[in-house]
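Take a look at the structure set out below.
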Amino acid sequence: MTSTPPSASKTGRVTTERDEHDSQDLHRSATGERPQSPQRRAMLRAAAAGGAGLLAARAVAAQTTASPAGQPATLGRQPSFQPGSDATTADVIVETLLAWDVDHVFGMVGDGINPIIEALRKRQDKIRFIGVRHEEAAAFMASGWAKSTGRLGVCVATTGPGAVHLMNGLYDAHFDGAPVLALTGLTFHDLLGTRFQQSVDTSALMQDVALYNTVVTGPRHALTVTDIACRTALGSRGVAHLTVSKDVQDMHFSEDKASTENHGLRTSTAWSRPTPTPSRHELQAAADLINAGSRVAIMAGQGALGATAELEQVASRLNAPVAKALLGRTALPDDSPFSTGGIGHLGTVPSEEAMHGCDTVLIIGTTMPWVDSYPKPGAARGVQLDIKAERIGLRFPVEVGLVGDTKETLRALLPLLRQKDDAFLRETQGRVVQWNALLDRVAATERTPLRPQSVVRAISDALAPDAIICLDCGANTHFSARFLTLRRNQQLVATGMLATMAPGLPFAIAAQLANPARQVVAIVGDGGFAMLMAEMSTAVKNGLPVKVIVLRNDMLAEVVFEQKELGNAPYGCELGAIDYAQIANACGAEGTRCTSPAGLRPAIDAMLRSPRAALLEVHVDPAEPITTPSHLAV
């Protein structure tokens, strides 16, 4: 790649390599030459239609696989841009985001971030600001964007209360390893520490949740720390945070004198996905242990997403049943002959029995928290593969730990594994057949109010082959985890280790923005949906055809179950009667409801056919018990 000397305009705009490539392709188009790649040809066609079309083309170009594609590799001459003398700190931050291929930012405007919002407005043809109704939703959307695409999610919030509101969504990203950058405002730089209005110490606030966390002091500082923040979030898979005083955001480059030891420091926007693999010695040790076993089982989590082919090849070589943690449910389709479904409290009996009946376990990309669903210590030997060294042996005392990229490590491990007979797999498959028959009988039970299991099964049957399903947290998660059949090209986005209520709709909005041509469906409970239901208007405002199924029982049903399990009488769990269909209509979406078994499947089909944002409120039985796998009954 070559680059023309960078220059700046009076608006603080900077010239980048991206501009040069677009100009070169426009010249090729004008002279009859075709741009080199189909993706860039699509980008040029969209550029002719304006900024919104350009952003849509980027989203469509990303839809090549059902699994998250990940952050695009960025190679070329560095630095990627040079700010002009009139560029502000906010300009530098936003231009750096563009260099990191960020094209959506989620947030709510406020006086503490006005310069950042202005920098986004000036570049709205390249980066889209999605205004939300509550900053918590912005953080959930950034997390949902990262989970559904593998790319950097970005959220922005104003000084004080805006930053505080981000925290729940940021912890979701933190606990689930989703790369997210949070930008927040600070009060005026010379009023810090004076108990000025909204003077929350946002750097201290973010200390636990953020892997990288710093106060930006000016445009020169922003040139380096924004790169570091983006790289940390992506490379370490977590949250990074930059906070900037509102007056510093508007500081011009010409006003920011470098320190005596800053001799023009610049950092890099070059990025490629790390794909480390263990040493040959470590791989051989893992293979020797696995080869010594006769009843091998695999537990796979979100770390196996994007490595479906390799996971299937290893499972086939070992004739091993594969149990899947919630966030890794689509690492292997549910109809695979190796799949036993979910694992843990949201899982299946065949998964539990495979774990407790194996003599060797291979744990891939998961730290699923329910320890009772792992083999008993001493009853099986173990190998664990994870990208993070600190996760090895966290839940089970494995003998061999492999630290590396799942896809590349499984590819390297496969030739070292011996073919095993299928006795243990066939035994497990028999249990899967029995379990699926039980699920069918439960789902087929017709009554009023509806069984939530019947509703989820009807949704599952109606979904598009490449649908993206977004879950909330609560009783709805239990029913969805068991009664959704996730197929090869479908994707699941959910909250994992934080297990927070309310993200279902924000996740769906982010996933729809990233995948405009795919069907995106949120399955939520009424308790979680009520927390952020104003975001239906965000979906409508942005023309997003998201679909929301609300399992309405006017109750925090999972808490009722937990209270009863302790021997306590249910208390404080009633929600009151909220008309969710009418709320959807008030937001400009299409709201309908279903109360009978006969109307269920027609109502779902009608909702999914709607070209608009749509919500279906389904009245389900609040007394339907939430059970562990072994207690499920017709």
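The structure presented is a predicted model; accordingly, all values stated were derived computationally and were not measured. FYI, the numbering just counts along the sequence from 1. Only this structure's heavy atoms are used, side chains among them; waters, hydrogens and symmetry mates stay out.
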_One thing to verify: whether E590 and R609 come together as a salt bridge, which I'm taking to mean a side-chain N less than 4.0 angstrom from a carboxylate O._
no
*In plain terms, say whether D334 and R329 are close enough for a salt bridge, that is, a side-chain N and a carboxylate O under 4.0 Å apart.*
yes
[atom1]/[X] to [atom2]/[Y] distance, rounded to the nearest 0.5 angstrom?
X: L166; Y: T184; atom1: CG; atom2: OG1; value: 7.5 Å
X: E617; Y: I583; atom1: CD; atom2: CD1; value: 9.0 Å
X: I364; Y: L385; atom1: CD1; atom2: CG; value: 6.0 Å
X: L486; Y: S480; atom1: CG; atom2: OG; value: 9.5 Å
X: F479; Y: I459; atom1: CZ; atom2: CD1; value: 12.5 Å
X: L170; Y: F175; atom1: CG; atom2: CZ; value: 12.0 Å

With a 4.5 Å limit on heavy-atom distance, are the side chains of [X] and [Y] in contact?
X: C470; Y: V520; result: yes
X: V361; Y: M355; result: yes
X: C155; Y: V105; result: no
X: D461; Y: R601; result: yes
X: R482; Y: Q453; result: no
X: E312; Y: L332; result: yes
X: L556; Y: M501; result: yes
X: L311; Y: T406; result: no

Which heavy atom in [X] sits nearest to a heavy atom in [Y], and how many Å separate them?
X: G162; Y: E135; answer: CA-OE2, 3.5 Å
X: P622; Y: M555; answer: CB-CB, 4.4 Å
X: V548; Y: M607; answer: O-SD, 3.7 Å
X: Q491; Y: S148; answer: NE2-O, 2.9 Å
X: L505; Y: L532; answer: CD2-O, 3.9 Å
X: A508; Y: A522; answer: CB-CB, 3.9 Å

*Which word best sums up how the rings of H174 and Y171 line up, parallel for under 30°, tilted for 30 to 60°, or perpendicular for over 60°?*
perpendicular
*Using 30° and 60° as the class limits, which term best fits the ring planes of F529 and Y580: parallel, tilted or perpendicular?*
perpendicular
When you measure from the side chain of [X] to the backbone N and O of [Y], does any donor-acceptor pair fall under 3.5 Å?
X: R395; Y: T367; value: yes
X: Q519; Y: L608; value: no
X: S454; Y: A444; value: no
X: T445; Y: R441; value: yes
X: S339; Y: D335; value: no
X: N515; Y: R518; value: no
X: T538; Y: V132; value: no
X: K547; Y: R612; value: yes
X: T340; Y: V322; value: yes
X: R391; Y: G365; value: no

*Start with the C-alpha gap between N553 and E624, add the side-chain angles, then the distance that decides, and say whether side chain to side chain contact (heavy atoms under 4.5 Å, CB included) holds.*
CA-CA 10 Å; N553 53 23; E624 184 65 39; over 6 Å; no
*Would you say the side-chain atoms of D172 and T500 include a donor-acceptor pair closer than 3.5 Å?*
no
*Check step by step if side chain to side chain contact (heavy atoms under 4.5 Å, CB included) holds for F396 and V371.*
CA-CA 8 Å; F396 182 78; V371 177; over 6 Å; no
Report, one line per pair, each donor and acceptor closer than 3.5 Å where one atom sits in a side chain of residues 295-303; sequence neighbours left out.
residue	atom	partner	partner atom	Å
R295	NE	G357	O	2.8
R295	NH1	E427	OE1	3.4
R295	NH2	G357	O	3.4
R295	NH2	E427	OE2	3.1
Q302	NE2	D176	O	2.8

*Go through the steps for L492 and L326 under the test side chain to side chain contact (heavy atoms under 4.5 Å, CB included), then give the verdict.*
CA-CA 9 Å; L492 183 73; L326 179 65; 4.0 Å; yes
Sequence neighbours excluded and cut-off under 3.5 Å, please list the side-chain donor-acceptor pairs for residues 562-574, or say none.
residue	atom	partner	partner atom	Å
Q563	OE1	Y571	N	2.9
Q563	NE2	Y571	O	3.1

*If a pair satisfies ring pair (Phe, Tyr, Trp, His ring centres under 6.0 Å) and one of its residues is in residues 321-357, list it, with sequence neighbours excluded.*
H345-W370
*Does the pair V620 and N476 meet the rule for a side chain to side chain contact (heavy atoms under 4.5 Å, CB included), with working shown?*
CA-CA 10 Å; V620 298; N476 59 93; over 6 Å; no
*Quick one: which of V524, T495, V521, I523 gives a side chain to side chain contact (heavy atoms under 4.5 Å, CB included) with L471?*
I523
